Amino acid sequence: TQSTGSSGINAEYDRLKQELYDKEDCLQSLPLSPSTLPKLVDKNPSLAVDILLLLAQTQQFADYLTVLLNMDLSLHSMEVVNKITANLELPPQFIHFYIRNCINKLYGDY
């Protein structure tokens with residue numbers, strides 16, 4: 001049934017998430033870079049949030065935040081920013097620039 005398939009996907013996701021949290025070096029083995037973040041956000045925003053929360057402890061995190069600022073505005077990108085903002089203390093200027101970018105993209109650049 002479809003619910004069995006869905007629960008299988010959820011179980012696989014939970015397993016992957018646990019591996020990411022258990023193995024610190026696991027992040028380095030992921031084929032992820034700031035340039036691939038938009039695709040991950042589009043395809044799997046929940047996984048993007050989990051990975052970004054782990055990346056928050058790295059030097060590359062600022063590069064990922066810059067990508068989030070410049071991504072196309074979508075429901076998924078706003079969801080990711082909302083969830084990382086709720087779980088991390090981000091620099092106030094990031095939040096300010098993100099909101100300003102959202103307004104500019106919705107109403108056109110002035």
Side-chain angles (χ1 to χ4, degrees):
T1 67
Q2 191 171 1
S3 64
T4 303
S6 178
S7 65
I9 291 170
N10 288 338
E12 184 68 17
Y13 173 75
D14 289 341
R15 185 191 62 75
L16 173 62
K17 189 165 89 170
Q18 193 58 48
E19 263 188 55
L20 287 173
Y21 282 100
D22 289 347
K23 300 177 183 172
E24 292 180 23
D25 62 338
C26 192
L27 278 178
Q28 279 65 37
S29 65
L30 290 176
L32 182 70
S33 67
S35 65
T36 60
L37 181 63
K39 188 172 185 178
L40 178 61
V41 167
D42 182 49
K43 299 293 183 190
N44 195 332
S46 296
L47 183 59
V49 168
D50 289 326
I51 290 174
L52 286 168
L53 292 175
L54 290 170
L55 286 168
Q57 308 304 318
T58 69
Q59 293 178 348
Q60 298 89 0
F61 187 60
D63 296 333
Y64 288 91
L65 289 180
T66 300
V67 169
L68 282 173
L69 280 175
N70 295 308
M71 279 181 58
D72 289 339
L73 188 59
S74 70
L75 181 60
H76 285 166
S77 66
M78 290 188 295
E79 175 186 346
V80 167
V81 171
N82 179 47
K83 288 183 178 178
I84 64 168
T85 302
N87 288 288
L88 295 174
E89 189 166 330
L90 296 175
Q93 65 269 23
F94 170 81
I95 296 166
H96 172 78
F97 285 128
Y98 186 78
I99 291 170
R100 189 185 75 194
N101 284 349
C102 288
I103 292 169
N104 286 342
K105 288 175 183 175
L106 288 172
Y107 295 106
D109 292 317
Y110 291 104

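The shown structure was predicted, so the numbers you read here are calculated from the model rather than taken from an experiment.
- Residues Tyr64 and Ile84 are not in side-chain contact: their nearest non-hydrogen atoms beyond the backbone lie 4.5 Å or more apart.
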Enumerate, atom names and distances included, each donor-acceptor pair closer than 3.5 Å involving a side-chain atom of residues 67-80, sequence neighbours excluded.
residue, atom, partner, partner atom, Å
Asn70, ND2, Thr66, O, 2.9
Ser74, OG, His76, N, 3.4
Ser74, OG, Ser77, N, 3.0
Ser74, OG, Ser77, OG, 3.3
His76, ND1, Asp42, O, 3.0
Ser77, OG, Asp72, O, 3.4
Ser77, OG, Ser74, N, 2.9
Ser77, OG, Ser74, O, 3.0
Glu79, OE2, Lys83, NZ, 3.3

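- Taking the side-chain contact (heavy atoms from CB on, under 4.5 Å) definition, one finds that Gln59 meets it with nothing, sequence neighbours left out.
- The heavy-atom pair separating Leu65 from Phe94 by the smallest distance is O-CE1, 3.5 Å.
- Residues passing the side-chain contact (heavy atoms from CB on, under 4.5 Å) test with Ala62, sequence neighbours excluded: none.
- Residues passing the side-chain contact (heavy atoms from CB on, under 4.5 Å) test with Pro92: none are found, sequence neighbours excluded.
- Closest of all the heavy-atom pairs between Ser35 and Pro38 is O-CD, 3.6 Å.
- The distance from the CD atom of Gln60 to the CG atom of Leu32 is 10.0 Å, given to the nearest 0.5 Å.
- Summarising the local packing, CD of Gln57 is surrounded by 12 or fewer heavy atoms from other residues, nucleotides or ligands at distances under 6.0 Å.
- Ile99 contributes atom CD1, which lies 12.0 Å from atom CG of Asn104 (distance to the nearest 0.5 angstrom).
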Test side-chain contact (heavy atoms from CB on, under 4.5 Å) applied to Leu90 and Val81, step by step: CA-CA 10 Å; Leu90 296 175; Val81 171; 5.7 Å; no

side-chain contact (heavy atoms from CB on, under 4.5 Å) between Leu54 and Asp50, intermediate numbers included: CA-CA 6 Å; Leu54 290 170; Asp50 289 326; 5.7 Å; no

